[in-house]
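Below, chain A is the first sequence line, B the second, and so on; all start at residue 1.
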Amino acid sequence: MVPQKDPDNLTEDEARDELAHLAGVLAAANRDYHTLDAPELTDAEYDRLKRRNSAIEARFPALKRSDSPSDQIGAAPAEAFSKVTHAVAMLSLGNAFSDDDVRDFDQRIRKYLGLGETADLRYTAEPKIDGLSLSLRYEDGRLVQAATRGDGAVGENVTANALTIDDIPEVISGAPSVLEVRGEVYMAHADFEDLNVRQSKSDAKTFANPRNAAAGSLRQLDAAITRSRPLRFFAYAWGALSEPLSDRQSGAVARLADLGFSTSPLLKTCASPDEMIAHYQNIETQRADLGYDIDGVVYKVDDLSLQDRLGFRSTTPRWAIAHKFPAELAWTRLRSIDIQVGRTGALSPVARLEPVTVGGVVVSNATLHNEDYIAGRDSRGRQIRGGKDIRVGDLVQVYRAGDVIPKVADVDLSQRQEGSERYEFPRTCPECGSAAIREEGDAVRRCMGGLICPAQAVEKLKHFVSRAAFDIEGLGARQVEQFCTDGWIAEPADIFTLRDRYGSGVKQLKNREGWGEKSALSLFDAIDEKRQIPLARFIFSLGIRHVGEAASGLLALHYGTWPALRDAMLAARDKEGPAWDDLVSVDGVGTVMAGSVVDTLAQDAERASIDRLTAHLEIQKATAPQTGNSPVAGKTVVFTGTLEKMTRAEAKARAERLGARVSGSVSSKTDILVAGPGAGSKAAKAADLGIEILDEDAWLALIEGQ
DNA sequence: AGCCCTCGAGCTCG
DNA sequence: CTCGAGGGCT
């Protein structure tokens, strides 16, 4: 954060300037908030500015403006909720959309666990409530904290609000000393209708659907308001526990009910995918009569010891899945098709629609995926059976995938207007006129203009300043766009010369709407703060195709410094030789990624642009991340022979969970070889290299209790 | 060939 | 946040 003068030390002129600036910024933020534009200010930042404004007004009451932000009503809340780090992450679920997806789910689990087709394997099936998830932490039977899901790792503390919900007991008896109950906060249909009637009578805004009403009600800063809202809660899971609730999912949910929580009356234990699907259909027929919104059915492996063995993928458990109901559909007219150009030059078609309500939300734009989708062809370019080309003026069906992203699903050909024409996907970039080429096997057509293309240049700059890249405070997507239009910046290096070029004449900035002398100066400071940057962030910020956050981390770790990476890429430009082999040998980097990095740096214009940038930066060396403290953390492990207690996939996942790296072949880098019966050449090689060899039992003993 | 992940791009909400 | 496409690994 930029250091600011204490209000007491401001001159009257400075105070007047800053108040004017704050009034502009806060008014703009309020406008954004209400017109649903992408907000530039976080809640926290908004609060900070508002407090700053009040502090200055307190010191200089005479300077208080007629349009003072402190007098605005309905502005953002005074304080935000505190953050809560979940002891056990709140993950999301994978999705199934068809009966076959459900059978695949069962098959995957059987395969992972090494179970046969007929082995007993039971699942729970229950409705998926459409609300928002909440984690309730009880210590010695008393509710001490309620937290929203947030991003899964960190949520918001809404304890005071949760306590106003009738279904959430403040005190429970007979529970483990630590118990985190997880479930869904929702609003019943009847309560939702009543609330909206009350809201409109008091001229307050009505809610579009029960889900939004529940979310809005729970996130009230004033718990008294939450209390007046009829929220309910279903418990269906748990986080941290001092002792197990049961050895089965169904048993644990029953235990939660015993403790006084509401649980779904429709939870059923099923012995096969057929039973699960039957229960899904059963729930679907009751859906309209339940009195609350549900959006599918959740299946979970019932045996908790199996859940434990199955574990997690990066963001979802292997042992549960959500079987979604078909999305709501709506028909509307396709007004036009626009083409947007992304940072890698990808041309993506966007449908501009007659506004239509889908699932309680008005949709006027929707993605059309790509060229083939519009033409009615599949990804290999073959005409889709019954496929139809989509034309401007057509009546199209839209839905919101995952209840979020609007998509065009279908066309009503019987409603096609006379004289309509097949949509011609552009062969040149609509922004710069360069050729737009589609590579063999690629679904997207790309503008070949590279740095020449203004659209690509702007998108690249937006990426450059984005959260995971340079993340410069006060320089968001909108400012970048503005600066580009004004010709102040054309490439990343220009950001770092802004002060030199305009610092003496900040008045120029000051004349622009929303900008004052102060904000210009703080922007310069914020830019200066980022002149030191970790190597991984720097690589990511370059926006090289196929190189995102994860790949940037790998490259940073492997090469350590920017000059080392740069030199190596130039040495590998012919895609052969030791430098190339070394690059491709990085775990997680294949020929496509490698080619992309090498090609980018081999281009004179790109390299020159990057070199101009690095001249202003101090790129920090990459250091290896902290490894865990398990006995195998940071070790490279190889499994060979037959494993009898678990499948290969399970053994690998477990080792990785403990921080080990699992490799397929023995080399000098291998630390441990786990050899089952029938181990052959790998065991011999490991013995030659003097590598520690364990049998399966010894391995399990080593990692036991971890 | 299958699995799992990352990348890139889309849109709306509070 | 969500999805589809595509890359990498086994």
Can you give each donor-acceptor pair under 3.5 Å made by side-chain atoms of residues 534-541 of chain A, sequence neighbours left out, with the distance rounded to 0.1 Å?
unit_1, atom_1, unit_2, atom_2, d
A:Arg537, NH1, A:Arg467, O, 3.2
A:Arg537, NH1, A:Ala469, O, 2.5
A:Ser541, OG, A:Phe538, O, 2.6

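In this pair, A:Phe470 and A:Phe464 present their aromatic rings parallel. The plane angle is below 30°, not in the 30 to 60° band. Ring geometry for A:Tyr423 against A:Phe425 counts as perpendicular: the plane angle is over 60°, on a 0 to 90° scale with 30° as the lower cut.
The listed nucleotides are B:dC7, B:dC4, B:dT12; the one nearest the side chain of A:Pro406 is B:dT12. The side chain of A:Thr367 lies closest to B:dG10, out of B:dC3, B:dG10, B:dT6. Residue A:Arg313 has its side chain nearest to B:dC5 when only B:dG8, B:dC5, B:dC7 are considered.
Contact check of residues 587-598 of chain A against DNA chain C (heavy atom, cut-off under 4.0 Å) returns A:Asp587, A:Gly588, A:Val589, A:Gly590, A:Thr591, A:Val592, A:Met593. Less than 4.0 Å separates DNA chain B from at least one heavy atom of each of the following residues of residues 347-355 of chain A: A:Ser348, A:Val350.
Using a 3.5 Å distance cut-off with no hydrogens or angles, the side chains of A:Arg227 and A:Thr164 do not pair a donor with an acceptor.
A:Leu195 and A:Ala213 make their closest contact through CD2-CB, 4.3 Å (heavy atoms, listed as atom of the first residue, atom of the second, distance). A:Ala551 and A:Met593 get closest at one heavy-atom pair: CB-SD, 3.8 Å. A:Arg182 approaches A:Ala89 most closely through the heavy-atom pair NH1-O, 3.3 Å.
Between A:Leu310 and A:Tyr112 there is a side-chain heavy-atom pair separated by less than 4.5 Å. Two residues are said to be in side-chain contact when any heavy atoms from C-beta on lie closer than 4.5 Å; A:Ser92 and A:Arg149 meet this criterion.
Here A:Arg211 lies out of heavy-atom contact (under 4.0 Å) with every strand. Nucleic acid contact for A:Ala551: sugar-phosphate only, since backbone atoms but no base atoms lie under 4.0 Å from a heavy atom of the residue. The residue A:Arg545 sits close only to the backbone: its heavy atoms come under 4.0 Å of sugar-phosphate atoms, none of a base.
Atoms CG (A:Asn365) and P (B:dT12) sit 5 Å apart, rounded to a whole Å. In this structure, A:His546 atom NE2 and C:dG6 atom P are separated by 10 Å, rounded to whole Å. Rounded to an integer number of Å, the gap from NZ of A:Lys111 to C1' of B:dC3 is 8 Å. When the P atom of B:dC13 is taken as reference, atom CG of A:Leu132 falls 17 Å away, rounded to whole Å. In this structure, CG of A:Leu218 is placed 14 Å from P of B:dG14, rounded to the nearest angstrom.
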Annotated structure of DNA chain B as dot-bracket, pair cut-off 3.5 Å, Watson-Crick or G-U only, | for inter-strand, is ||||||||||....
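Pairs of residues two or more places apart, or lying in two chains, never qualify as ring-ring contact (aromatic ring centres under 6.0 Å, His included) while including a residue from residues 646-666 of chain A.
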Quick test: give all pairs of protein nitrogen or oxygen and nucleotides 2-4 of chain C nitrogen or oxygen below 3.5 Å, distance rounded to 0.1 Å.
unit_1, atom_1, unit_2, atom_2, d
C:dC3, O3', A:Lys407, NZ, 3.4

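For A:Ile544 and A:Arg318, each mapped to the nucleotide of DNA chain B holding its nearest heavy atom, the one lying further toward the 5' end belongs to A:Arg318.
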